[in-house]
Amino acid sequence: MQIEQHIKEAFDECAKVRKEKAKLYGNAWRMVDYYTLVHIIYNKLGSTKETAKDICTAVYNYSLFASVQSFCGSGAMDELKDEEETINRLVEEADNCIKNILSKKEDEYSSEWMYCPIDFLIDMMRLKVARLHHLRFHVPRDVKGHELHNEATTDALHDLAGYAILYLARTALDEGRAKKANEANKAPKQ
């Protein structure tokens, strides 16, 4: 139960930050191509000025935005500039999709992500960014493969978001374990 709670809290924290940022910036992200958002993610993953928690929260939220942008196209999002409700619904749908994917993956793989080195999750995020770069610049977009290309892009964006959530949950889990171990060490021995 503790694992699911940490995952839920990670989703909740990302939603909280997303809503706070929306108050400042609105939905300005809708005006750029999805790959610009992927490039921002790439830069975030290389940041040394932010905490890992802040970085992964940003990676998750930018992944959602990029997913919506990739699905709708930046031209369509420009047309929706005054339709905040529609944009929020699209982001919520992307968020729910990630929740469903993580739930299915948890059923398939159990909780293996809790036992790997935590840097593995960061490496997987970098791998997904590299895959998105490859799809964008090295895979030809012929008519026949366009649908496959879009599906691969969507899958990579969803995986990227999922790894960010798992990193946040894993960090909270590790912090909880460290706190318990510290309390156990401080407890008087009988």
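Hydrogens, waters and symmetry mates play no part in the numbers below; they use all other heavy atoms, side chains included.
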[atom1] of [X] to [atom2] of [Y]: how many Å apart, nearest 0.5 Å?
X: Ile41; Y: Thr36; atom1: CD1; atom2: OG1; result: 11.0 Å
X: His158; Y: Asn100; atom1: NE2; atom2: CG; result: 10.5 Å
X: Lys19; Y: Leu24; atom1: NZ; atom2: CG; result: 15.5 Å
X: Ile87; Y: Asn27; atom1: CD1; atom2: CG; result: 4.5 Å
X: Leu102; Y: Asp159; atom1: CG; atom2: CG; result: 9.0 Å
X: Phe120; Y: Met125; atom1: CZ; atom2: CE; result: 10.5 Å

Close side-chain approach of [X] and [Y], heavy atoms under 4.5 Å:
X: Asn61; Y: Lys21; value: no
X: Thr171; Y: Lys53; value: no
X: His149; Y: Val139; value: yes
X: Ile3; Y: Ile7; value: yes
X: Cys97; Y: Ile101; value: yes
X: Ile55; Y: Ile122; value: no
X: Ile40; Y: Phe65; value: no
X: Tyr34; Y: Thr153; value: yes

Any donor-acceptor pair under 3.5 Å linking the side chain of [X] with the backbone of [Y]?
X: Gln69; Y: Val32; result: yes
X: Ser67; Y: Ser63; result: no
X: Glu9; Y: Ala169; result: no

Below 4.0 angstrom, N of the basic side chain to O of the carboxylate: do Asp174 and Arg170 qualify?
yes

So that I can tick it off, tell me whether Arg89 and Glu85 are bridged by a salt bridge, with the cut-off set at under 4.0 angstrom between side-chain N and carboxylate O.
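No, this pair does not count.
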
Starting from [Y], can I reach [X] by hopping between I/L/V/M/F/W/Y residues whose side chains sit under 4.5 Å apart?
X: Tyr62; Y: Phe71; answer: no
X: Met31; Y: Tyr25; answer: no
X: Leu135; Y: Val129; answer: no

Would you sort out whether Asp95 and Lys99 count as a side-chain contact (heavy atoms from CB on, under 4.5 Å), showing the intermediate values?
CA-CA 6 Å; Asp95 189 49; Lys99 289 175 184 173; 3.3 Å; yes

How about Phe137: does its CZ atom have over 12 heavy atoms from other parts shown lying under 6.0 Å from it?
yes

Counting neighbours of CZ on Arg131 that are heavy atoms of other residues, nucleotides or ligands and sit closer than 6.0 Å, is the number greater than 12?
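For Arg131, atom CZ is not crowded (no more than 12 foreign heavy atoms under 6.0 Å).
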
Minimum heavy-atom separation for [X] to [Y], with atom names?
X: Ile165; Y: Cys14; value: CD1-SG, 4.0 Å
X: Ala156; Y: Lys128; value: O-CB, 4.0 Å
X: Val38; Y: Ala66; value: CG2-CB, 4.5 Å
X: Leu90; Y: Val68; value: O-CG2, 3.6 Å

Measure from the ring center of Tyr60 to the ring center of Phe11 and say whether it is less than 6.0 Å.
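Yes, close enough.
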
Relative to the ring of His133, is the ring of Tyr35 parallel (under 30°), tilted (30 to 60°) or perpendicular (over 60°)?
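Geometry flag for His133 against Tyr35: tilted rings.
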
Begin from the C-alpha positions of Met124 and Tyr167 and carry the test side-chain contact (heavy atoms from CB on, under 4.5 Å) through to its verdict.
CA-CA 10 Å; Met124 291 306 293; Tyr167 187 94; over 6 Å; no

